[in-house]
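One structure below.
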Amino acid sequence: MAEIRAYEPEDAEQAAGLIAGAMPQPTAITATTMRHWVDGAPARAQTRVWVAEDGGELIGWGDARLRWAIADEGITDVWVTVRADRRGQGIGSRLAVLVEGHVRELSARKISTFVREDEPGSLAFAVERGYAETRREYSWILYLEGISLDAPELPDGFRLVRLQELRARERELFDLYDAAHRDMPADHPYALEFDEWRTETLENPELDFEASSVVLAGDRLVSFAWITSAHEGGGGMHELTGTLPEYRGRGLARAAKVATIRWAAETGLRFLVTSNDDTNAPMLALNERLGYEPRTTIIELAKDA
């Protein structure tokens, strides 16, 4: 019988393989990704993770935390996955009891989770536990080998730079990121704190400062497209793309994203993955124009605690 125990840092390598196998393929998830996901969240998230182990192999994962980057209180995230060949043995149910128990101890009002649309068994597992769909995200992939995109054009007075050139301007980077982040479609309004964002986002060891881009109007930071990179696996993930509200409609986000794609290809990455809410029409249209291919849809679900 599988043993369920608390996650330990030494589990990161196996955990990366387990989680990657549960995501649309291919992925850019590494041991570094997993370590930062666990350790990079602020203390107030009160993250807890459990793993299921059998014969020295990780076969299950369960995590739970307060959702810290939003304005509403008592909103929590949980997620459980079990390796495909070990499902149907009660491991997922045991993990679900642990993760939901943890967030209820945190006075959760809502419990959120997600499943892949192409895994009806996972959806049924969630529905049986009272979860109902709240929104959907489309998952995309862009293969970079042989890609040919013209250099981005910007209106007069604007210029593109690599994120590395602005690394010391942390507060301005935060203000730009925060403005775009707040406008993302969501069930709960987003809200970030600078110190928490710096640790979780700017100090992410996989944030690619050379391939990520920022657009400036004069000396003001106005648009960006950032990625994280896992070069050992050849993949990258879009962190966020956005523009200050007063500068939208000028093609700046497209220019930033094109620059990032070109720079990512130059570094040797083979693909980029991203996801967008199904109501985010401008970004969905941009992805299609740039050649991103749709992958599995992600269904977000929630229930009262």
Side-chain angles (χ1 to χ4, degrees), residues 28 36 40-42 68-71 140 142 149-186 189-229 236-267 269 272-277 280-287 289-290 292:
H36 184 69
W68 56 274
I70 61 173
W140 304 80
L142 179 69
L149 292 173
D150 292 334
E153 296 183 4
L154 291 171
D156 291 343
F158 294 83
R159 61 190 175 97
L160 261 165
V161 302
R162 298 176 192 264
L163 177 57
Q164 178 63 39
E165 296 182 36
L166 304 172
R167 192 165 188 165
R169 296 169 65 173
E170 292 183 352
R171 177 61 68 169
E172 293 167 89
L173 290 170
F174 169 76
D175 291 341
L176 174 61
Y177 189 103
D178 186 43
H181 190 252
R182 287 176 183 271
D183 280 353
M184 290 172 57
Y190 286 107
L192 293 169
E193 297 290 338
F194 171 72
D195 288 339
E196 295 175 345
W197 168 85
R198 179 172 55 190
T199 299
E200 197 274 341
T201 301
L202 204 61
E203 295 178 358
N204 182 344
E206 293 186 323
L207 181 61
D208 195 324
F209 283 84
E210 290 297 330
S212 297
S213 65
V214 180
V215 177
L216 294 91
D219 196 47
R220 186 183 184 191
L221 285 57
V222 299
S223 188
F224 68 104
W226 296 357
I227 64 168
T228 59
S229 298
M237 290 188 282
H238 283 279
E239 164 65 31
L240 189 62
T241 299
T243 303
L244 293 179
E246 62 268 36
Y247 286 89
R248 291 172 188 167
R250 308 187 198 189
L252 303 182
R254 183 185 189 280
K257 199 161 188 174
V258 168
T260 293
I261 292 168
R262 288 164 56 93
W263 293 339
E266 290 172 4
T267 69
L269 288 181
L272 290 171
V273 296
T274 190
S275 63
N276 305 101
D277 189 274
N280 192 350
M283 195 56 65
L284 296 174
L286 176 57
N287 286 344
R289 290 199 301 271
L290 293 177
Y292 286 77

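Only a predicted model underlies this, so the values are computations on that prediction, with no experimental measurement involved. Only heavy atoms go into these numbers, but all of them, side chains included; no hydrogens, no water, no symmetry mates.
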Item to complete: Under the side-chain contact (heavy atoms from CB on, under 4.5 Å) rule, what do Thr274 and Tyr292 come out as? Steps first, then yes or no, please.
Response: CA-CA 9 Å; Thr274 190; Tyr292 286 77; 4.1 Å; yes
Rounded to the nearest 0.5 Å, the CG atom of Leu163 sits from the CZ atom of Arg169 at a distance of 11.5 Å
- Quick check: does any side chain N or O of Thr260 sit under 3.5 Å from a backbone N or O of Ala211, one acting as donor and the other as acceptor? yes
Distance col, row Met283:CE vs Lys257:NZ, nearest 0.5 angstrom, shows 5.0 Å
- Please answer whether the main-chain N or O of Leu149 pairs with a side-chain N or O of Arg262 as donor and acceptor at a distance below 3.5 Å. yes
Can you check whether Asp183 reaches Arg248 side chain to side chain, under 4.5 Å on heavy atoms?
yes
Of all heavy-atom pairs linking Trp197 and Leu192, the shortest is CD1-CD1, 4.0 Å
Heavy-atom check, side chain of Ser229 versus side chain of Thr267, under 4.5 Å | no
In terms of heavy-atom contacts, Leu207 and Thr201 come closest through CD2-O, 3.5 Å
**Item:** Under 3.5 Å donor-acceptor, Ser212 side chain and Ile227 backbone
**Value:** yes
* Count the heavy atoms of every other residue, nucleotide or ligand shown that sit under 6.0 Å from CD of Glu193, and state whether that count exceeds 12. => no
**Item:** Donor-acceptor contact below 3.5 Å, side chain Ser213 vs main chain Ala256
**Value:** yes
*asked:* For the CD atom on Glu153, are there more than 12 heavy atoms of other groups (residues, nucleotides or ligands in this structure) within a distance under 6.0 Å?
replied: no
* To do: Could you tell me whether a side-chain N or O of His238 sits under 3.5 Å from a main-chain N or O of Ser275, the two making a donor and an acceptor?
  => no
Taken to the nearest 0.5 Å, the spacing of Leu202 CG from Arg167 CZ works out to 7.0 Å
Output for pair (Met237 CE, Leu269 CG), nearest 0.5 Å, gives 11.0 Å
Between Ala255 and Leu160 the two heavy atoms that sit nearest each other are O-CD1, 3.8 Å
Residues passing the side chain to side chain donor-acceptor pair (under 3.5 Å) test with Arg198, sequence neighbours excluded, are Glu170, Asp195
Closest non-hydrogen contact found for Leu221 with Val214 is CG-CG1, 3.9 Å
Open item on the list: Please evaluate residues Trp226 and Leu173 with respect to the criterion side-chain contact (heavy atoms from CB on, under 4.5 Å), reporting the C-alpha separation (whole Å), side-chain torsions for both, the decisive distance (0.1 Å), and the verdict.
Closed with: CA-CA 11 Å; Trp226 296 357; Leu173 290 170; 3.8 Å; yes
Q) Between Thr243 and Arg250, is a side-chain contact (heavy atoms from CB on, under 4.5 Å) present by the stated rule, with each step listed? A) CA-CA 10 Å; Thr243 303; Arg250 308 187 198 189; over 6 Å; no
>> Please determine whether salt bridge (charged side-chain N to carboxylate O under 4.0 Å, His left out) holds for the pair Glu165 and Arg159, giving the CA-CA distance in whole Å, both sets of side-chain angles, and the decisive distance to 0.1 Å.
In response: CA-CA 12 Å; Glu165 296 182 36; Arg159 61 190 175 97; 5.1 Å; no
Given the options Val222, Leu154, Val161, Leu216 meets side-chain contact (heavy atoms from CB on, under 4.5 Å) only with Val161
CD (Glu239) and NE2 (His181) are apart, to the nearest 0.5 Å, by 8.0 Å
Is there side-chain contact between Pro42 and Thr199, with at least one heavy-atom pair below 4.5 Å?
no
Scanning both residues in full, the closest heavy-atom pair of Leu290 with Leu142 reads O-CD1, 3.6 Å
Only residue of Tyr247, Tyr177, Phe209, Phe174 satisfying ring pair (Phe, Tyr, Trp, His ring centres under 6.0 Å) with Phe224 is Tyr177
dist Leu286:CG -> Arg254:CZ (nearest 0.5 Å) comes out at 7.0 Å
Tightest non-hydrogen contact, residues Leu284 and Asp277, listed as CD1-O, 3.8 Å
### Test log, rule side-chain contact (heavy atoms from CB on, under 4.5 Å), inputs Trp263 and Asp208
CA-CA 10 Å; Trp263 293 339; Asp208 195 324; over 6 Å; no
